[in-house]
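FYI, the numbering just counts along the sequence from 1.
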Amino acid sequence: MSTPPSPTAVTAILVPAGTTALQALKDAGVPLKGPDGAVVVRDVVSGDLKDLGWVADADAEVEPVPAASADGRAVIRHSTAHVLAQAVQDLFPGTRLGIGPPVENGFYYDFDPERPFTPEDLQALEKRMQAIVKQGQNFSRREIGDDEARAELAHEPYKLELIGLKGGAGEEPAEGADVEVGGAQLTMYDNLDPRTGDRLWTDLCRGPHLPRTSTIPAFSLTRSAAAYWRGSEKNPQLQRVYGTAWESKDAHKAYLEQIAEAERRDHRRLGVELDLFSFPDEIGSGLAVFHPKGGVVKREMEDYVRRRHLEEGFDYVGTPHISKRGLFETSGHLPYYEETMFPAMELENSEYFLKAMNCPMHNLIFRSRGRSYRELPLRFFEFGSVYRYEKSGVVHGLTRVRGLTQDDSHSYVTPEQAPGEVRHLLAFVLGLLRDFGLDDYYLELSTRGEGPKFIGSDEEWANATSVLEQAARETGLELVPDPGGAAYYGPKISVQARDAIGRTWQMSTIQYDFNQPARFGLEFSAADGTRQQPVMIHSAKFGSIERFFGVLTEHYAGAFPAWLAPVQVVGIPITDEQVPYLTDVALQLRQRGIRVEIDDSDDRMQKKIRTASKQKVPFVLIAGATDAEAGAVSFRYRDGSQRNGVPVAEAVAQVAAWVEGRHNSDPTAETPMVAG
């Protein structure tokens, strides 16, 4: 889901020693209410966020953080998560606490209750939260030692585990727990009675938080689900309660409306209603089968992208689904990526793995014979089926699967050719997205992070990153940094496309790889006779066919453009006597390559029209006795508009021209007719 843009940063403000940040903001006239009002401040020197109640030890410069900024929303959401946890322990005493971080568009909190939460429980919890918010309890920060924290939280085993994993020990925190134990110094946040100052509730937390609960502008709980503690199936299963919180009631309302629209567009529901695909339990989680109608859409996608790759100079190749261990050791996938690969299979004293990537096998094709600089750029492409062991909690319809097919390609180029090839690939992927009706997007540049995950020298990474960044900036599109998000073998550009309701999806990727050519010993003969190493550039235009299919389904709410629609025309006879007439019309349409069906069921005409509408068919051709006598049909469009008495030849020409034109919008009764 997308969020509104953050307000422009405010000029730094001086907080004199011994003064609270809140007082300094007041003295400077900074607003403290509404979407532009400051909820916390950022220390200009350290970059750390501080509560408004923070007292500066020495003069310090800070920047106000508005509610309607990314950091501001995160503070609002984390504060609301605390209110949720307090409400849970108020209504369900004895419930043990997990973690409660802010996430995109909301927050969650994990609990270990005596029984799973019901929808009625969530309603009661939201009501209790509203009472806590109205009470205006103060969020109060205090530092605490590790041993003191263990004594205070002796009844909270999950919190004790977090203290052991981080606290003063300096170890890495548990997954998602940096909001609680993100530094060596542990802190607690108490909710204090605004009148008496009594402690009403407390939680282990790094902060910062809002000044008081009444400054939470708008929130709601959305759902509950099971979740394993720290994301591992080996740990206890907890109850995760999700919610959302925003800087204003208007922003909250807009988000809920977007969620409702997203539910109407959910590709999993539409996949069933339109008979497109399914996920049979007998096959396994995250493994899709496409039904005949879904197969039509999938085939159209594949035919398009296959043709476009050939037009762009790619050679079509094919590789197997499994390989011996050694191949993935060489590529680096087993050392760096094994946790997302399916376990090994033992066969003939060797270990075989389902492939998670196609690139190692493409490298073997490149290495199969000597290569000359005259062959470069050398471009390989295939529909490669790969398998990735996604955790059950993140598998989601077609957009997060365990078996997927990539329109995967690899360009082998000289270092001098790399910038031009990246520009070529960017133009390719952006054109592809536009052809499918996704024309609102920005670029994200994922770069190297810290740690052993990333291989290669600093110089190699800097050069590769520079090549990608320059090509990305030349497009004129917004470029958003993603520090640490690169693959282990090199940086990447990803295209982030917005759909019809403003949600952002990661689509195409282009990755610069200087590591695998070295690991595989890839070489080409240069013009001077020396042997040199090529640069390898990975690109996936759809990303994966499954994910792209799911995104398209939601973007169009199942009403695919006519050129993609599984059934492009339905013929509806007013009586059985017109069935032969419409059958002849259908034959003429099929001769133009149009997918057409005749509804000759016993249903009444109006029900047939409703059925075609529910199936989101672009064109409905209706014929009665008068139409048949005149050699005409009545055109009914997807928006419900209608044009009567259209000669058959003209009707066939209009449908064929609209489909052949690959229009992503729908024609209406006002659309000019197209001559045959």
Taking side chain to side chain donor-acceptor pair (under 3.5 Å) as the test, write out the residues that go with D27, two or more places apart.
Q23
For F619, enumerate each residue passing the ring pair (Phe, Tyr, Trp, His ring centres under 6.0 Å) test, keeping only those at least two apart in sequence or located in another chain.
F635
Donor-acceptor contact present, side-chain S79 to main-chain V75, <3.5 Å
yes
Can R400 and E390 be counted as an ion pair, charged N to O under 4.0 angstrom?
yes
By side chain to side chain contact (heavy atoms under 4.5 Å, CB included), which residues pair with D482, not counting sequence neighbours?
E444, S446
Which residue, R434, K541, M507, forms the side-chain contact (heavy atoms from CB on, under 4.5 Å) with V429?
K541
Do the side chains of L433 and Y441 get nearer than 4.5 Å, heavy atoms only?
yes
Applying side chain to side chain donor-acceptor pair (under 3.5 Å) to K159 and not counting sequence neighbours gives Y109, E180, D203
Under the rule for side chain to side chain donor-acceptor pair (under 3.5 Å), what residues qualify as partners of T213, not counting sequence neighbours?
none
Report yes if some heavy atom in the side chain of D90 is under 4.5 Å from a heavy atom in the side chain of I132; otherwise report no.
yes
Partners meeting ring pair (Phe, Tyr, Trp, His ring centres under 6.0 Å) with W505 (sequence neighbours left out):
none
Report yes if the side chains of V15 and E61 come closer than 4.5 Å at any heavy-atom pair, otherwise no.
no
The salt bridge (charged side-chain N to carboxylate O under 4.0 Å, His left out) partners of D48 (sequence neighbours excluded) come to none
Spatial distance of atom CG (D121) from atom CG (L221) [nearest 0.5 Å]
11.0 Å
Using the test ring pair (Phe, Tyr, Trp, His ring centres under 6.0 Å), find all partners of Y556 that sit at least two apart in sequence or belong to another chain.
none
Return the set of residues passing side chain to side chain donor-acceptor pair (under 3.5 Å) with R142 (not counting sequence neighbours), or none when no residue passes.
E152, D190
Should the heavy atoms of other residues, nucleotides or ligands under 6.0 Å from CD of E114 be counted, would the total exceed 12?
no
State whether a side-chain donor-acceptor pair under 3.5 Å links S494 with Q496.
yes
Can you find a side-chain donor-acceptor pair between S248 and W246 that sits under 3.5 Å?
no
By ring pair (Phe, Tyr, Trp, His ring centres under 6.0 Å), which residues pair with Y242, not counting sequence neighbours?
Y108
Under a 3.5 Å threshold, yes or no: a donor from one side chain and an acceptor from the other, between D198 and T196?
yes
Would you indicate whether the side-chain heavy atoms of F279 and V401 approach each other to under 4.5 Å?
yes
For E273, enumerate each residue passing the salt bridge (charged side-chain N to carboxylate O under 4.0 Å, His left out) test, keeping only those at least two apart in sequence or located in another chain.
R269
Side-chain donor-acceptor pair present, H252, T244, cut-off under 3.5 Å:
no
Only one of F560, F549, F542 forms a ring pair (Phe, Tyr, Trp, His ring centres under 6.0 Å) with F436, so which one is it?
F542
Answer with yes or no whether the side chains of Y158 and D112 bring together a donor and an acceptor at under 3.5 Å.
yes
F107 ring center within less than 6.0 Å of F219 ring center:
no
Plane angle bin for H267 and F277 - parallel if under 30°, tilted between 30 and 60°, otherwise perpendicular:
tilted
Does anything in residues 545-564 form a salt bridge (charged side-chain N to carboxylate O under 4.0 Å, His left out)? List the pairs, not counting sequence neighbours.
R503-E554
Pair R240 + D110: basic N to acidic O under 4.0 Å:
yes
Report yes if the side chains of W229 and L238 come closer than 4.5 Å at any heavy-atom pair, otherwise no.
yes
Give, for atom CD1 of I493 and atom CG of L443, the distance between the pair rounded to the nearest 0.5 Å.
6.5 Å
Identified side chain to side chain donor-acceptor pair (under 3.5 Å) counterpart of W201 within the set Q89, Q86, H82:
Q89
